[in-house]
Number of protein chains: 2
Amino acid sequence: MKSPRAAAERAAPITEWEALVVEAVGTVIEFWRFKRNQGRVWALLYLRGREMTAHDLQEALALSKGAVSMVTRELEEWGVVSRVRSDADAAWHFHAETDLMKMVGRVIEKRESKLVLGVKADLERAERLARASGDVPPDVLARLHRMKTLASVIDRAVRGFLHTARLDVGGAVSVLSGVLPVRRPRRGSARISPG
Amino acid sequence: MKSPRAAAERAAPITEWEALVVEAVGTVIEFWRFKRNQGRVWALLYLRGREMTAHDLQEALALSKGAVSMVTRELEEWGVVSRVRSDADAAWHFHAETDLMKMVGRVIEKRESKLVLGVKADLERAERLARASGDVPPDVLARLHRMKTLASVIDRAVRGFLHTARLDVGGAVSVLSGVLPVRRPRRGSARISPG
DNA sequence: GGTGTAGTTCAAGCGCGCTTGAACTGCAAG
DNA sequence: CTTGCAGTTCAAGCGCGCTTGAACTACACC
């Protein structure tokens, strides 16, 4: 064969239980508007806990060459996967970082900001136009104004969520990396298992 | 003509500023995984503050007959739009309720529950299978367990958000209906019932 | 130089959900 | 009964984003 090294370390085919985990993470990540395969790749890397080549990933997850390239690049940009050049092998090897949720939080926040800024600008322009036109009844203007208020309320609620999630996820990061978060006798946080 | 009543009350074509509002709400509602046209219809009904027929909506928002029928039925099922038979006209008239966010919160919560329950079940099954197979290294089992913990953490964060959002939106409802929310510095008992 | 493998890019294809519009029911007036 | 409008349904069409796979670059070894 051409590459005895790679051939020797042929990727282990994915097991049934690994597939369950991979698809579960894929489903969640898809729900948060990322690509399913991003979640699948991260999940497998994290689960196995050792480096895998692009080729390994391609076979284990039944992806095309191109898909692996795109997905890994995106995960790398977000800092949830890193790529190392191993000595024993000419190929790149990927391994999972543990701060998946930090990335999710960051990206969601950016998306939300963009959305909210656009909407706010549109509502304000609408209000200006409506006032300028002069023939808009006061009750309609009042409702328009209330919608702006609603937008702010929603915005604040989402930001509050992201903030809280970020904090909670601070614990989650530790959970993923194996470091136990400080046990606070808060609400039912007794879920954390001994390492 | 055939129907002098309807002809006389021809729907006012949508103005530029109304379009801005309608599209803004459509964008937000779409972001929350509802149909854009659901947001557009609700927004126009709410903004104008008076009843509109299916035909009015069709013209004002450039929708097809079928689309109006589907969208209004869905909005009705969620309780954010109601339908009344006017005396002056044989047709149904729609008008907007003000508790849009209550619906959004409810539906999002349902979706999230479904997702989380499925994921939890899958991860638990995976853990059982992995243990049963016997040849899974302990560190991998540990990571699998940690993923379950992460799932719980995320779940709790989302539920916290929805809870908070629901409360905040209690105020928002009042905002939309014109009743000013009481400025309570603390959350919790801010449930305002005008009736 | 040539050969082979690793990885990237992007136009074309595919899948999936939303929208359309024609056929349908129902009702009221003539 | 017929006519005409209001509203519903659903198969087919369309749009949009993800995936594919072939052509490409890059690099290592001979």
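Convention: sequence-line order gives letters A, B, ...; per-chain numbering from 1.
Taking a 4.0 Å limit (strictly below) on heavy-atom distances, residues 62-84 of chain A reaches DNA chain D at A:S64, A:G66, A:A67. Remark: nothing in residues 25-37 of chain A comes within less than 4.0 Å of DNA chain C through any heavy atom.
As rounded to whole Å, 15 Å separates atom P of C:dA6 from atom CE of A:M52. Atom pair A:H55:NE2 and C:dT8:C1' shows a separation of 16 Å (rounding to whole Å applied). Note: CD (B:Q38) to P (C:dC18) measures 9 Å, nearest angstrom. For the pair A:W92 CH2 and D:dA28 C1', the computed distance is 14 Å after rounding to whole Å. The distance between atom CZ of A:F94 and atom C1' of C:dT8, rounded to the nearest whole Å, is 12 Å.
Side-chain contact between B:R33 and A:R33: present, with at least one pair of heavy atoms (C-beta onward) separated by less than 4.5 Å.
In this view, B:E18 and B:T15, B:R48 satisfy the side-chain hydrogen bond (donor to acceptor under 3.5 Å, both in side chains) rule, not counting sequence neighbours. Every residue two or more places apart in sequence or in another chain that forms a salt bridge (charged side-chain N to carboxylate O under 4.0 Å, His left out) with A:E23 is listed here: A:R36, A:R40. For A:R125, the salt bridge (charged side-chain N to carboxylate O under 4.0 Å, His left out) test picks out B:E16, with sequence neighbours left out. The ring pair (Phe, Tyr, Trp, His ring centres under 6.0 Å) test applied to A:W92 returns no partner, not counting sequence neighbours. With sequence neighbours left out, the salt bridge (charged side-chain N to carboxylate O under 4.0 Å, His left out) criterion links B:R83 to B:E76.
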Could you list the donor-acceptor pairs under 3.5 angstrom formed between side-chain atoms of residues 128-137 of chain A and any protein atom two or more places apart in sequence or on another chain?
{"unit_1": "A:R131", "atom_1": "NH2", "unit_2": "A:E127", "atom_2": "OE2", "d": "3.4"}
{"unit_1": "A:S133", "atom_1": "OG", "unit_2": "A:A130", "atom_2": "O", "d": "3.0"}
{"unit_1": "A:S133", "atom_1": "OG", "unit_2": "A:D135", "atom_2": "OD1", "d": "2.9"}

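Applying the side chain to side chain donor-acceptor pair (under 3.5 Å) test to residues at least two apart or on different chains, the pairs with a partner in residues 111-120 of chain A are A:S113-A:R159.
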